[in-house]
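Down below is the structure, laid out as structure tokens.
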Amino acid sequence: MPKGLQEMKFRSEFEPYLLTIQHDSKKPLTKWSPQSGGDGGRNWLRRPDHFNIAVILAPYSPYFVLDIDGEKGYKNLQGLQIVYGKLPRTFVVKSPSGWHYYFRYQQGVKRSIGWLAPSIDIICHGYTLLPGSVIDGKRYEVLDDVSIVSAPNWLIRLASNTSRQIDMPAKKKTAAQYDGEDYEHRVWRARKYVEKMAPAVQGQGGHTQLLCVCHALRKKFDLDIPDCRSILCEYNTRCVPPWRLDVPRERYDFFRKLSEAEKWHG
């Protein structure tokens, strides 16, 4: 591998998929399409202080990226991991606005913006900037320099159920009108519905408000328990204070509201 790539701690497997990017930009240096492949970073190697560098992603390379945007995205990622399980250790890059987790591409994974949770995206069908790149004076840096591994099954499953939900028009419907729509669409709508609900505030009817959210998920949208839990973890980040889901007693008290909501007539 060329010395310049070694100094930037690029994985050698990236080399065939490297793409030179304009200075302080995310635009390719030359006209580019995914089918045309990369340029091996040749222009960047000649002047690494003048250009940014990117790697092409799936399906035109073996990788896709889980993009976590800011503290909101990080908290939502923690919520997903509480429900579904921890992410395996993999190659991670610190971006100016968050974190990029690299995984091996598997058939069915689709690009999505905020489908898994707010401020969490799946990046593929394009490219992403690599360490050494700089945007507005902020540098991309390697956070965990380990081998890229396959994503866990739960992430593959969630990342594969996005085709109808991306850029879905915001039509005004009552919850009762969702019965004829497919399940994944209903999950997407439920997530947007809960985002607009008031947070649960301690001392101000917080438990009742949480019951309202659970009632909407189970009764209005008729979601399965795992998907209800995922959306509730996102909702919990807005509660005051949030339930401490790493404490078994609080975790049990939080999630048992789902079963209570099925019998609740508030």
Side-chain angles (χ1 to χ4, degrees), residues 1 5 8-19 21 26 34-35 37-38 41 52-133 139-163 165-166 184 187-188 191 226-227 229-230 233-234:
M1 182 170 57
L5 300 187
M8 298 316 301
K9 293 186 177 180
F10 290 165
R11 309 210 62 76
S12 59
E13 60 196 88
F14 283 170
E15 191 174 348
Y17 311 105
L18 293 175
L19 181 66
I21 305 296
K26 295 184 179 181
Q35 294 86 347
N52 283 341
I53 186 73
V55 62
I56 298 169
L57 299 173
Y60 307 101
S61 81
Y63 325 106
F64 76 94
V65 166
L66 181 67
D67 182 11
I68 310 301
D69 187 16
E71 291 300 321
K72 180 178 180 180
Y74 185 72
K75 288 180 179 179
N76 288 339
L77 177 62
Q78 289 180 311
L80 288 173
Q81 291 185 97
I82 288 172
V83 174
Y84 295 107
K86 289 187 177 180
L87 292 175
R89 189 179 178 190
T90 191
F91 185 66
V92 181
V93 172
K94 181 69 176 71
S95 72
S97 61
W99 300 265
H100 288 175
Y101 290 75
Y102 283 73
F103 291 104
R104 295 280 170 190
Y105 177 71
Q106 295 185 42
Q107 191 66 33
V109 172
K110 299 178 178 68
R111 177 181 180 273
S112 65
I113 306 298
W115 160 245
L116 297 180
S119 299
I120 297 181
D121 305 328
I122 297 291
I123 306 178
C124 54
H125 291 274
Y127 57 84
T128 189
L129 295 186
L130 284 170
S133 298
R139 182 177 295 273
Y140 287 71
E141 300 177 343
V142 174
L143 189 62
D144 198 356
D145 189 17
V146 298
S147 297
I148 300 173
V149 301
S150 297
N153 290 335
W154 65 263
L155 179 57
I156 296 298
R157 179 175 65 83
L158 293 178
S160 300
N161 290 334
T162 60
S163 58
Q165 293 77 16
I166 305 310
E184 287 78 15
V187 173
W188 186 84
R191 177 172 274 112
D227 291 301
R229 289 188 172 190
S230 176
C233 285
E234 299 165 17

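Everything quoted here is computed from the prediction, not taken from an experiment.
Every side chain to side chain contact (heavy atoms under 4.5 Å, CB included) that Arg104 has, sequence neighbours left out, goes to Glu13, Pro62, Tyr63, Ile148, Ser150. In this structure Asp121 satisfies the side-chain hydrogen bond (donor to acceptor under 3.5 Å, both in side chains) test with no other residue, sequence neighbours excluded.
Atoms CG and CG, from Asp69 and Asn76 in turn, are 10.5 Å apart once rounded to the nearest 0.5 Å. Gln78 CD to Ile68 CD1: the interatomic distance, rounded to the nearest 0.5 Å, is 10.5 Å. Going from atom OG of Ser133 over to atom CG of Asn52 covers 4.0 Å, rounded to the nearest 0.5 Å. Between atom CG of residue Leu77 and atom CH2 of residue Trp99 there is a gap of 9.5 Å, rounded to the nearest 0.5 Å. Rounding to the nearest 0.5 Å places CD1 of Ile53 at 13.0 Å from OH of Tyr140. Atoms CG and CD1, from Asp67 and Ile123 in turn, are 4.0 Å apart once rounded to the nearest 0.5 Å.
The shortest heavy-atom contact between Lys86 and Gln81 is CA-OE1, 3.4 Å. The two residues Cys124 and Lys110 make their nearest non-hydrogen contact at SG-C, 3.8 Å. Nearest heavy atoms, Ala151 versus Ile156: CB-CD1, 3.7 Å. When all heavy atoms are compared, the tightest approach of Leu130 to Ala54 is CD1-C, 3.8 Å. Here the closest heavy-atom approach between residue Ser61 and residue Tyr105 is recorded as O-CB, 4.5 Å. Across every non-hydrogen atom of Ser230 and Leu80, the tightest pair is OG-CD2, 3.2 Å.
Classification of the Trp154-Tyr84 ring pair by plane angle, with boundaries at 30° and 60°, yields parallel. Ring orientation note: the planes of Phe14 and Phe91 are nearly perpendicular, at an angle over 60° on the 30°/60° scale.
Thr90 contributes a side-chain N or O that, together with a main-chain N or O of Val149, makes up a donor-acceptor pair within less than 3.5 Å.
Among Lys75, Lys72, Arg191, the single residue meeting the side-chain hydrogen bond (donor to acceptor under 3.5 Å, both in side chains) criterion with Glu234 is Arg191.
In this structure the side chain of Phe64 never reaches within 4.5 angstrom of the side chain of Leu57, judged on heavy atoms.
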For this session: Give the C-alpha distance, both sets of side-chain angles, the deciding distance and a yes or no for side chain to side chain contact (heavy atoms under 4.5 Å, CB included) between Phe103 and Val109.
Result: CA-CA 11 Å; Phe103 291 104; Val109 172; over 6 Å; no

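For Asp144, the CG atom sits in a packed shell: over 12 heavy atoms of surrounding residues, nucleotides or ligands are nearer than 6.0 Å.
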